[in-house]
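Residues: numbered from 1 along the sequence shown. If you're wondering where the values come from, they're calculated on a predicted model, not measured in any experiment.
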Amino acid sequence: MKRRIIALLLALATACSLAACGQSADSDTSDGEASSASASTEAESASGSDLSSEEEAILAAVPAEAREDCVSYLTDGVMSNDTVVISLDGAEVTADMFIYYLSYYETYYMLMFSLYGYDISLDDAYSDDMTYSDFFVQMAEYASLQMVVARKLAEDAGVTLSEEDQTDMEDALAELLESDLLYLGSNLSAMEKIFTCTTYGNNYQSAVYGEGGSEEITDEMAEEYAEENGYYNCRYILFNGVDLEDEELEEVHAEAQACYEALAQLSGDELVEEFQAQQAELNEDGDAEECYVSPSSSLSFGDTVLALDEYEVGITDATDYGYFVVLRLPLGEENLSSVRQDYADDLFSAAISEAASAADVTYADVLEELDYAAFFDALAALQETINSAS
């Protein structure tokens with residue numbers, strides 16, 4: 001059941017993200033990533049012929065009031081789906097959008113805490129001046145505000161939606177299950193607003209930062225950004241030193257050093273070809289491919305690679321895994337495209353923050369009136385109903 005929930009959360013988060021995140025071919029995969037991958041597989045396998053009957057059973061168990069207006073149901077009538085909770089220069093955030101983000105963040109993070117063995121309550125202190133409950137409210141306010149700012153920013157720049165955009169959104173909305181949306185206190189209307197804002201934001205990035213845009217990110221700009229922020233492409237050879245005695249580790253070091261010194265005598269294509277051959281033969285984690293790494297990764301050989309010039313060989317000091325001989329390579333067009341996207345995401349985030357700071361933003365009193373503890377209790381009860389009927 002937890003895997004199904006993770007798959008749902010990841011799917012909705014991806015669909016509602018303003019930025020399309022580039023994938024890095026890192027050699028390490030965390031337990032969380034592994035769980036996510038298996039969760040996605042399980043979600044795909046669940047899309048068979050029994051899905052309709054399962055959906056009917058779930059919806060039959062959900063109170064009619066929740067299906068009619070889930071926000072009102074979860075907030076005991078303090079808000080309804082269409083209640084305006086934030087206003088920004090004529091743009092509005094409705095409660096169904098805010099509640100979706102509030103439910104998403106609370107559900108996702110509390111589930112992750114549980115999976116990793118942390119016993120955290122919503123009343124626990126997140127920082128000196130806020131609880132976890134306060135933190136989730138703050139994130140939900142910012143995320144929903146970010147969405148409407150993104151759309152306004154795009155519309156002010158003359159960005160529009162194409163017929164293909166409209167069709168893609170309709171297709172994406174058609175794939176959503178009502179029970180999945182109810183699980184996060186949401187509905188199709190809220191998701192349509194979020195999808196629309198997301199598409200406006202993505203189109204804005206393409207129009208402004210893409211080829212021919214007013215702030216086009218050139219290859220040179222992307223390469224400079226990559227250098228400043230720790231992106232790199234490399235090959236590596238691991239000489240395993242895990243659980244070895246000192247004398248054995250010295251032998252591993254000597255082997256790694258000999259490999260490094262031999263490769264360091266080469267250059268150009270000869271170096272790349274020989275390194276690849278040595279990698280295929282000697283790398284003790286079995287990886288024989290290039291390794292593209294983004295700043296979010298933390299690999300044992302990262303600092304060593306970043307200190308090298310392109311087509312230069314290096315060797316690490318002893319790490320928890322042993323010794324690495326590494327070869328730094330150019331990013332290549334595919335990886336540089338990923339860097340450009342990340343750079344565009346950063347510029348877009350800065351533009352949103354600047355626009356939000358300059359705007360007249362009003363928060364409705366109802367946000368202060370809502371009993372968030374009671375809301376989270378009601379959400380948990382609804383989620384348990386859905387889980388039980390699944």
Side-chain angles (χ1 to χ4, degrees), residues 1-17 32 35-36 38-48 50-76 78-82 94-115 122 132-133 136-137 139-140 143-144 147 172-195 198 370 372-390:
M1 182 56 67
K2 285 184 176 179
R3 286 184 174 182
R4 178 181 180 278
I5 297 168
I6 294 172
L8 159 65
L9 294 170
L10 289 173
L12 288 177
T14 300
C16 299
S17 173
S35 296
S36 300
S38 60
S40 298
T41 302
E42 183 170 312
E44 291 170 4
S45 67
S47 60
D50 292 337
L51 192 59
S52 295
S53 58
E54 179 183 352
E55 177 73 354
E56 290 177 3
I58 294 172
L59 295 178
V62 172
E65 297 88 342
R67 296 186 64 187
E68 181 178 346
D69 189 323
C70 199
V71 170
S72 178
Y73 175 79
L74 294 173
T75 64
D76 197 24
V78 174
M79 301 176 182
S80 66
N81 286 336
D82 298 328
T94 51
D96 53 3
M97 184 187 294
F98 166 73
I99 290 298
Y100 162 77
Y101 281 113
L102 181 60
S103 302
Y104 172 83
Y105 286 125
E106 188 268 347
T107 301
Y108 180 79
Y109 279 100
M110 297 304 283
L111 177 59
M112 289 299 103
F113 292 146
S114 173
L115 288 175
L122 290 168
Y132 277 96
S133 179
F136 296 141
V137 171
M139 286 203 300
S144 51
M147 281 289 174
L173 288 167
E175 293 180 1
L176 298 177
L177 295 177
E178 183 182 356
S179 61
D180 286 347
L181 299 181
L182 288 169
Y183 196 89
L184 296 177
S186 192
N187 56 59
L188 277 176
S189 176
M191 302 312 291
E192 182 176 9
K193 297 170 192 173
I194 293 172
F195 281 17
T198 300
L370 181 60
Y372 288 100
F375 164 78
F376 287 126
D377 285 344
L379 177 66
L382 177 60
Q383 291 176 342
E384 180 56 34
T385 297
I386 293 173
N387 287 339
S388 298
S390 298

Exercise for the section: Would you mind listing every salt bridge (Lys or Arg N to Asp or Glu O under 4.0 Å) that reaches into residues 96-114, with sequence neighbours excluded? Expected result: Asp96-Lys193

Quick one: pull up [atom1] in [X] and [atom2] in [Y] and give me the separation to the nearest 0.5 Å.
X: Tyr109; Y: Ser114; atom1: OH; atom2: OG; value: 16.0 Å
X: Ser80; Y: Glu68; atom1: OG; atom2: CD; value: 11.0 Å
X: Leu184; Y: Tyr100; atom1: CG; atom2: OH; value: 6.0 Å
X: Asn187; Y: Met97; atom1: CG; atom2: CE; value: 10.5 Å
X: Cys70; Y: Leu382; atom1: SG; atom2: CG; value: 5.5 Å
X: Ser186; Y: Asn81; atom1: OG; atom2: CG; value: 8.0 Å

Handout entry: Backbone of Tyr183 reached by a side-chain donor or acceptor of Gln383 within 3.5 Å
Key =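 A pair under 3.5 Å: yes.
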
Would you be so kind as to tabulate the donor-acceptor pairs closer than 3.5 Å made by side chains of residues 57-67, with sequence neighbours excluded?
{"unit_1": "Arg67", "atom_1": "NE", "unit_2": "Glu178", "atom_2": "OE2", "d": "2.9"}
{"unit_1": "Arg67", "atom_1": "NH2", "unit_2": "Glu178", "atom_2": "OE1", "d": "3.0"}

Minimum-distance pair of heavy atoms, taken over all atoms of [X] and [Y]:
X: Ile194; Y: Tyr101; value: CG2-OH, 3.6 Å
X: Ser179; Y: Ile386; value: O-CD1, 3.7 Å
X: Val71; Y: Met79; value: CG1-CB, 3.6 Å

Practice task
Check whether any side-chain heavy atom of Ile99 lies under 4.5 Å from a side-chain heavy atom of Phe375, and answer yes or no.
Solution key: yes

Exercise for the section: Sequence neighbours left out, what passes ring-ring contact (aromatic ring centres under 6.0 Å, His included) with Tyr132? Give chain and number order. Expected result: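 ring-ring contact (aromatic ring centres under 6.0 Å, His included) list for Tyr132, sorted by chain: Phe113, Tyr126.
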
Handout entry: Asp76 CG: over 12 foreign heavy atoms closer than 6.0 Å
Key = no

Handout entry: Exercise: do Glu56 and Ser52 side chains pair donor with acceptor under 3.5 Å
Key = no

Exercise for the section: Could you tell me how the ring of Phe376 sits relative to the ring of Tyr372: parallel (under 30°), tilted (30 to 60°) or perpendicular (over 60°)? Expected result: tilted

